[in-house]
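Here the structure comes first, spelled out in structure tokens, and everything after it is commentary.
Numbers here simply count residues along the sequence, with the first being 1. Just so we're clear, the structure is a prediction, and the values are computed from it rather than from any experiment.
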Amino acid sequence: EITLKNALTLQKLNQNTAKNLILFLGDGMGIPTVTAARILKGQLSRQSGEETQLEMDNFPFVALSKTYNTNAQVADSAGTATAFLCGVKANEGTVGVSAAAVRSQCNTTQGNEVTSILRWAKEAGKSVGIVTTTRVNHATPSAAYAHCVDREWYSDGEMPAEAVQAGCKDIARQLFENIPNIDVIMGGGRKYMFPKNQSDVEYPGEKKHFGTRIDRRNLVEEWNNRMKNKNAHYVWNKKELLSLNPNSVDYLLGLFEPGDLPYDLERNNETDPSLTEMVEVAIKILKKNPSGFYLLVEGGRIDHGHHDGKAKQALHEAVEMDRAIGHAGLMTSIYDTMTVVTADHSHMFNFGGYTPRGNTIFGLAPMLSDVDQKPFTAILYGNGPGFKVVNGLRENISTLGYVPLNMETHGGEDVAVFAKGPMAHLLHGVHEQNYIPHVMAYAACIGQNRDHCMSSSGASSLSAALPSLTALLKLIHLLC
């Protein structure tokens, strides 16, 4: 009955203009991952888990997103990021360019660039931010600012010499050059900002963490010089981050690792911030802008856990992202903030085996296999290969840790889109993935589609445009 009452309140739609936009992107967070993360969240609080509600479960509107790339039935994170940030489907492996661009072919970049909702928001006078647990120049965040035919061109050190000579720019460089003054940037990827062989501030002796830039540029130093007298701060550890007073910070660059941030389960609580801690600082800085903000938050290592067949890592990453979603909800209001939670693609991850209620999500199915009479885990990966063969037979996992092995692939099925706040009801039913930024831009009156916005202040309610639209539709109906 309570659920029904809550549903009935949604008949009065929230048609406010969204001052703020937040997109939470769980990389690789397919629907089975959401369900398993929900159970894990409950079990971490000593409950059976199935009845638990994730923060995203409480969002009133849910849709499905079709994730395929223009040239791929099962998508990758670059083509999908271009879809949910730039509003056009793209080829796998490419970011911020249309499907006319060909992966790794530098000369197909020019003329095929597409802009992102982060740029639309910046051009409308909003503050903008990127927070990720991966490298800040990884596939998902890079589509917000870069135009690159290869997602792996992290710095010029990863580019073919001919691409550099032909004038293509690496992604790290584009982060600082394409959209001037992105207000908040937080994540990993420090080594791509520094000259080749320069030792890292945190791991001075480790060669794998040395700088990678062949052009010998120090992008962090350049950023610091450019942002002088602008209340700008560069930080590289949690202590520096949390010692800042967000009220006196206008621009923040936080690079906490040479590569990706560690998994949340392996995170050093003293040196590396959690996703929730980064999101809190980001919102405190961004919300000072009276025109509002756009924030992209990526729980990027859900994907990495799944690729490695490490379900435990993946699910703990998803639970941490859900915690960040809840925290962002406490810091914002549904009256003026549209929040969307989705995934770029799914994974070959699932769980089954007729497990009883409250079975530990990482546990065994209650029966033995009827083929080899050995136990099997409830969680299974569809490829990867998922089990170890010893002397021609499947190894007995009751003597092992429970999670399968090796490199697994993305899944091709639709992913969920959860939405709340102004115009969230426009995310309903089954949509192409590239519909998402158009809805968010419409709700905030940014980008090209602004005919419904009142020109006088730009901040008036969208509902003002709807009566005239209704009248027009009635007139058309009568004329027909």
*Derivation of the ring-ring contact (aromatic ring centres under 6.0 Å, His included) call for His304 and Tyr263*: CA-CA 9 Å; His304 296 173; Tyr263 287 120; 7.1 Å; no

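- Exactly one of Thr409, Asp76, Asp27 qualifies for a side chain to side chain donor-acceptor pair (under 3.5 Å) with His345. That residue is Asp27.
- Side chains of Leu21 and Thr337 form no contact here, defined as non-hydrogen atoms less than 4.5 Å apart.
- For the pair Asn434 and Thr82, the minimum side-chain heavy-atom distance is 4.5 Å or more.
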*Decide yes or no on ring-ring contact (aromatic ring centres under 6.0 Å, His included) for Tyr442 and His452, but give the supporting numbers first.*
CA-CA 8 Å; Tyr442 183 93; His452 59 289; 3.5 Å; yes

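- Residue Asp250 is tested with Asn289, Asn181, Asn231 for a side chain to side chain donor-acceptor pair (under 3.5 Å); the sole match is Asn231.
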*side chain to side chain contact (heavy atoms under 4.5 Å, CB included) between Val74 and Tyr68: does it pass, once the steps are laid out?*
CA-CA 6 Å; Val74 178; Tyr68 65 93; over 6 Å; no

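- Side chain to side chain, His347 and Asp303 meet the donor-acceptor criterion of an N or O pair below 3.5 Å.
- When side chains are defined from C-beta on, His431 does not count as touching Val417, because their heavy atoms never get closer than 4.5 Å.
- The pair Arg38-Asp57 counts as a salt bridge, with a side-chain nitrogen and a carboxylate oxygen less than 4.0 angstrom apart.
- In this structure the side chain of Phe24 reaches within 4.5 angstrom of the side chain of Met321, judged on heavy atoms.
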*Go through the steps to decide whether Leu85 and Leu23 satisfy the test side chain to side chain contact (heavy atoms under 4.5 Å, CB included), and finish with yes or no.*
CA-CA 9 Å; Leu85 290 170; Leu23 176 63; 4.2 Å; yes

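- Between the side chains of Thr52 and Gln47, no donor N or O sits under 3.5 Å from an acceptor N or O.
- The backbone N or O of Asn247 lies less than 3.5 Å from a partner atom in the side chain of Lys288, making a donor-acceptor pair.
- Using modelled atom types, one finds a donor on one side chain and an acceptor on the other under 3.5 Å when comparing Arg135 with Tyr192.
- Using a cut-off of 4.0 Å between Lys/Arg side-chain N and Asp/Glu carboxylate O, Glu432 and Lys66 are scored as salt-bridged.
- Contact between Pro356 and Pro366 at its shortest, heavy atoms only, is CD-CG, 4.1 Å.
- In this model, a donor atom of one side chain and an acceptor atom of the other lie less than 3.5 Å apart for Asn16 and Asn14.
- No donor-acceptor pair closer than 3.5 Å links the side chain of Gln15 to the backbone N or O of Leu13.
- The two residues Ala314 and Ile302 have their closest heavy-atom pair at CB-O, 3.4 Å.
- Scanning all heavy atoms of the two residues, the minimum distance from Leu241 to Pro273 falls at CD2-CB, 3.8 Å.
- The two residues Val279 and Ala328 make their nearest non-hydrogen contact at CG1-CB, 4.2 Å.
- Annotation: Glu266, atom CD; neighbour count of heavy atoms from other residues, nucleotides and ligands within 6.0 Å is above 12.
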_Worked verdict on Glu320 versus Thr276 for side chain to side chain donor-acceptor pair (under 3.5 Å)_ = CA-CA 7 Å; Glu320 171 57 24; Thr276 304; 2.7 Å; yes

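- Between Phe61 and His428, the ring centre distance reaches or exceeds 6.0 Å.
- For Arg267 and Asp264, the salt-bridge test passes: some basic side-chain N is under 4.0 Å from an acidic carboxylate O.
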_side chain to side chain contact (heavy atoms under 4.5 Å, CB included) between Tyr335 and Lys19, worked out_ = CA-CA 9 Å; Tyr335 295 103; Lys19 177 182 173 185; over 6 Å; no

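- Two residues are said to be in side-chain contact when any heavy atoms from C-beta on lie closer than 4.5 Å; Asp344 and Thr67 fail this criterion.
- His233 meets the side chain to side chain donor-acceptor pair (under 3.5 Å) test with no other residue; sequence neighbours excluded.
- A salt bridge links Glu177 with Lys169: the distance from a Lys NZ or Arg NE/NH1/NH2 to an Asp or Glu carboxylate oxygen falls below 4.0 Å.
- Look at Asp272 and Lys238 and you find no salt bridge, because none of the NZ, NE, NH1 or NH2 atoms lies under 4.0 Å from a carboxylate O.
- Between the side chains of Ser48 and Gln43, no donor N or O sits under 3.5 Å from an acceptor N or O.
- With ring centers used as reference points, His307 lies under 6.0 Å from His410.
- Formation of a donor-acceptor pair under 3.5 Å by the His147 side chain with backbone atoms of Val95 is not found in this model.
- Arg357 and Glu50 are joined by a salt bridge, as a carboxylate oxygen and a charged side-chain nitrogen come within less than 4.0 angstrom of each other.
- From Leu380, atom CG reaches atom CZ of Phe349 across 9.5 Å, with rounding to the nearest 0.5 Å.
- Looking at Asn20 and Leu286, their side chains never come closer than 4.5 Å, going by heavy atoms from C-beta outward.
- Using modelled atom types, one finds a donor on one side chain and an acceptor on the other under 3.5 Å when comparing Asn91 with Thr70.
- Taking both residues in full, the closest heavy atoms of Ala146 and Asn178 are given as CA-ND2, 3.8 Å, listed atom of the first, atom of the second, then distance.
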*Evaluate the criterion side chain to side chain contact (heavy atoms under 4.5 Å, CB included) for residue pair Ile130 and Val184; output intermediate values, then yes/no.*
CA-CA 6 Å; Ile130 295 168; Val184 173; over 6 Å; no

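- Looking at heavy atoms from C-beta onward, Leu275 lies in side-chain contact with Val131 at the 4.5 angstrom threshold.
- Between the side chain of Glu277 and the backbone N or O of Ser274 there is at least one donor-acceptor pair closer than 3.5 Å.
- Glu408 places a side-chain N or O within donor-acceptor distance of the main-chain N or O of Met348, the cut-off being under 3.5 Å.
- Between Leu8 atom CG and Lys5 atom NZ the span is 9.5 Å, to the nearest 0.5 Å.
- With a 4.5 Å cut-off on side-chain heavy atoms, Val430 and Asp414 count as touching.
- Thr134 and Thr132 share a side-chain donor-acceptor pair at under 3.5 Å.
- Nearest heavy-atom pair, Leu315 versus Phe362, reported as atom, atom and distance to 0.1 Å: CD1-CE2, 3.7 Å.
- When atom types are taken as modelled, the side chain of Asp170 and the backbone of Ala172 share a donor-acceptor pair closer than 3.5 angstrom.
- With values rounded to the nearest 0.5 angstrom, Ile31 atom CD1 is found 7.0 Å from Glu413 atom CD.
- Ionic pairing of Glu257 and Arg190 is not present here: no N-O contact between side-chain nitrogen and carboxylate oxygen is shorter than 4.0 angstrom.
- Distance check: Lys420 NZ to Ile22 CD1 gives 8.0 Å after rounding to the nearest 0.5 Å.
- With rounding to the nearest 0.5 Å, the separation of CE in Met338 from OG1 in Thr332 is 13.0 Å.
- Ionic pairing of Asp322 and Lys41 is present here: one or more N-O contacts between side-chain nitrogen and carboxylate oxygen are shorter than 4.0 angstrom.
- Atom CZ of residue Arg151 and atom OG1 of residue Thr94 lie 10.5 Å apart, to the nearest 0.5 angstrom.
- Under 3.5 Å, the side chains of Ser142 and Asn137 contain no donor-acceptor pair of N or O atoms.
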